[in-house]
Amino acid sequence: MTDVQFRNITKHYGTEVALSNFSLNINSGELVSILGPSGCGKTTALRILAGFIQPTEGNLVVGGHGILDLPAAKRGYGMVFQSYSLFPNMTTSENIEFPLKLRKVDAVTRAKRVNELLDLINMAEHARKFPHQLSGGQQQRVALARAVALEPPILLLDEPLSALDATVRDQLRDEIRSLQKRLGITTVFVTHDQQEAMAISDRVAVMRSGQVEQLGSPRDLYQNPKNSFVAGFVGISNQIKSTKIGDAWKVLGSSVSGPAEFNTGIAFIRPEDIKITPSPNGIAVIEEISFLGSFVRVFMSVDGARVIADLQISDAENLATGQQVELTIRDANPLIESMGNK
């Protein structure tokens with residue numbers, strides 16, 4: 001297993017800065033997702049690690065050794081792209097076997113390894129099919145098996161699920177995580193989809209403008225976002241104008257702790273942290289109630305602003321559109337930022 005260290009990496013494309021002093025440590029055997037909007041630099045970071053491009057400044061250390069002078073072909077990393085990139089004239093088995101042939105692995109060992117991988121991705125019954133005879137999800141499984149055929153020290157995944165429909169995407173996401181754990185392979189997963197990153201990762205690096213805004217476990221990022229960008233990009237957050245009264249902050253109908261250096265700000269509240277109580281004098285009015293299977297989402301108006309709350313089904317039984325309600329914060333200390341920082 002291999003650890004990865006991006007050390008103050010900067011990448012310029014003319015006057016455009018794709019990465020700026022980008023630093024990130026990835027532990028051996030860990031799956032880290034690099035998450036961010038288009039143009040934030042996440043794919044540039046992956047391509048530098050793969051060896052496809054060189055940084056303008058900084059260093060890249062893998063397994064304790066600087067590798068910037070090592071060409072991509074000699075790094076030996078497995079890589080899966082959004083496009084499946086399978087050879088159309090080769091069967092499933094032949095596609096998986098191809099990198100083993102390139103390395104001149106003997107026929108007996110090749111056959112054994114291919115059969116192991118076919119079983120691992122549940123594709124043994126499709127071994128003799130060509131890519132055009134497979135679904136998108138099946139093709140991506142083959143691409144994944146081919147990427148790990150040579151037992152690479154690092155696996156790089158560049159938005160491998162974005163071309164698939166939602167049901168297949170969720171299933172394959174879970175399969176990738178299961179495979180990564182079984183192989184114990186250090187993995188970097190690039191995505192713009194926060195749900196993918198949260199579901200699959202040991203840690204997530206949230207990027208903006210070529211830098212890491214926050215690095216942490218999915219739970220840490222969701223429950224303790226560093227700033228409004230992370231709070232808004234990872235999950236849903238209500239943005240509620242709030243005022244400090246004495247030493248506490250008034251957020252909806254609750255008093256919570258918060259920063260002391262300013263007196264008015266924006267509180268970022270997760271929908272599940274809002275409690276609704278029917279009241280004829282309530283500050284909020286229910287506009288819409290949506291049943292979403294395991295929970296109910298309630299949309300409300302508070303002083304002209306929309307507030308969203310997610311409730312257990314049993315907690316929403318007595319609610320109706322047009323109803324006035326009081327809103328309080330459950331056991332949580334929300335992020336509060338100055339309005340000037342928003």
Side-chain angles (χ1 to χ4, degrees), residues 24 31-42 159 161-162 166-167 169-170 173-174 176-177 189-209 211-242 249 251-252 254 256-259 265-276 284 287-302 305-313 315-316 327-339 341-342:
L24 175 64
L31 192 159
V32 169
S33 287
I34 303 179
L35 171 69
S38 297
C40 71
K42 57 186 184 295
E159 306 219 36
L161 307 179
S162 57
T167 301
R169 186 166 62 242
D170 290 350
R173 177 195 70 199
D174 296 339
I176 287 174
R177 179 55 162 162
F189 186 98
V190 163
T191 181
H192 65 275
D193 187 318
Q194 59 94 6
Q195 187 175 10
E196 280 182 7
M198 299 288 276
I200 203 172
S201 309
D202 293 305
R203 291 187 299 156
V204 179
V206 180
M207 286 191 66
R208 176 170 61 165
S209 302
Q211 295 181 323
V212 175
E213 284 285 322
Q214 187 172 352
L215 172 67
S217 70
R219 181 184 292 272
D220 287 341
L221 293 178
Y222 188 81
Q223 294 182 341
N224 302 295
K226 176 183 177 181
N227 54 35
S228 57
F229 176 80
V230 177
F233 199 82
V234 178
I236 298 173
S237 281
N238 295 290
Q239 301 182 24
I240 299 169
K241 292 182 179 180
S242 306
W249 281 81
V251 182
L252 297 176
S254 298
V256 300
S257 61
I266 301 292
F268 294 83
I269 313 294
R270 299 297 187 189
E272 65 271 19
D273 291 330
I274 294 179
K275 181 179 179 181
I276 300 176
E287 295 181 332
E288 184 181 348
I289 300 175
S290 296
F291 177 76
L292 297 177
S294 60
F295 66 97
V296 172
R297 178 159 290 168
V298 183
F299 299 87
M300 295 159 289
S301 174
V302 180
R306 172 164 275 202
V307 174
I308 300 172
D310 289 343
L311 306 178
Q312 297 293 321
I313 295 173
D315 293 334
L327 303 181
T328 52
I329 307 300
R330 300 183 190 273
D331 297 333
N333 284 315
L335 169 70
I336 302 176
E337 283 194 351
S338 169
M339 292 183 182
N341 293 337
K342 183 178 174 294

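Annotation for Gln195: atom CD does not count as buried by contact number, only 12 or fewer foreign heavy atoms lying within 6.0 Å.
Not one N or O on the side chain of Asp273 forms a donor-acceptor pair closer than 3.5 Å with the backbone of Ile329. Of the possible polar contacts, none joining the Thr191 side chain to the Glu196 backbone as a donor-acceptor pair under 3.5 Å is found. In terms of modelled atom types and a separation under 3.5 Å, the side chain of Lys42 and the main chain of Phe189 share no donor-acceptor contact. Under a 3.5 Å cut-off, the side chain of Glu213 and the backbone N or O of Phe229 do not form any donor-acceptor pair. In this structure, the side chain of Asn227 engages the main chain of Val230 through a donor-acceptor pair within 3.5 Å.
Closest approach of Met207 and Cys40 over heavy atoms only: CE-O, 3.2 Å. Closest approach of Leu335 to Lys226, counting heavy atoms only: CD1-O, 4.0 Å. Contact record, Val204 with Ala197: CG2-O, 3.7 Å, taken as the closest heavy-atom pair. Listed here is the closest heavy atom pair of Arg270 and Ala231: NH1-O, 3.1 Å. Summarising the geometry of Leu292 relative to Arg297, their closest heavy-atom pair is CD1-CB, 3.8 Å, with the distance given to 0.1 Å. Taking both residues in full, the closest heavy atoms of Val307 and Ile274 are given as CG1-CD1, 3.5 Å, listed atom of the first, atom of the second, then distance.
Side-chain contact between Leu327 and Ile276 is present, with at least one heavy-atom pair separated by less than 4.5 Å. Side-chain contact between Asn333 and Gln223 is absent, with no heavy-atom pair separated by less than 4.5 Å. Between Ile176 and Leu161, some side-chain heavy-atom pair lies under the 4.5 Å cut-off. The closest side-chain heavy-atom distance from Val234 to Leu35 is below 4.5 Å. Between Gln312 and Phe295, every side-chain heavy-atom pair lies at or beyond the 4.5 Å cut-off. Taking 4.5 Å as the limit, some side-chain heavy atom of Val256 sits within range of a side-chain heavy atom of Pro334.
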Is there a side chain to side chain contact (heavy atoms under 4.5 Å, CB included) between Arg177 and Asp202 once you walk through the steps? CA-CA 10 Å; Arg177 179 55 162 162; Asp202 293 305; 2.7 Å; yes
Criterion side chain to side chain contact (heavy atoms under 4.5 Å, CB included) on Ser33 and Ile200, from CA distance to verdict: CA-CA 8 Å; Ser33 287; Ile200 203 172; 3.7 Å; yes
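With values rounded to the nearest 0.5 angstrom, Met300 atom CE is found 9.5 Å from Ile289 atom CD1. Remark: Asp315 CG to Lys275 NZ distance equals 8.5 Å, nearest 0.5 Å. One distance of note links CD of Gln194 with CG of Leu221; it measures 10.5 Å at 0.5 Å rounding. Rounding to the nearest 0.5 Å places CG of Leu24 at 7.0 Å from CZ of Arg203. Taking OG of Ser254 as the reference point, atom CD1 of Ile269 lies at 8.5 Å (rounded to 0.5 Å). The distance from the OG atom of Ser228 to the CD1 atom of Ile266 is 9.5 Å, given to the nearest 0.5 Å.
For Arg306 and Ser301, the side-chain atoms include no donor-acceptor pair closer than 3.5 Å.
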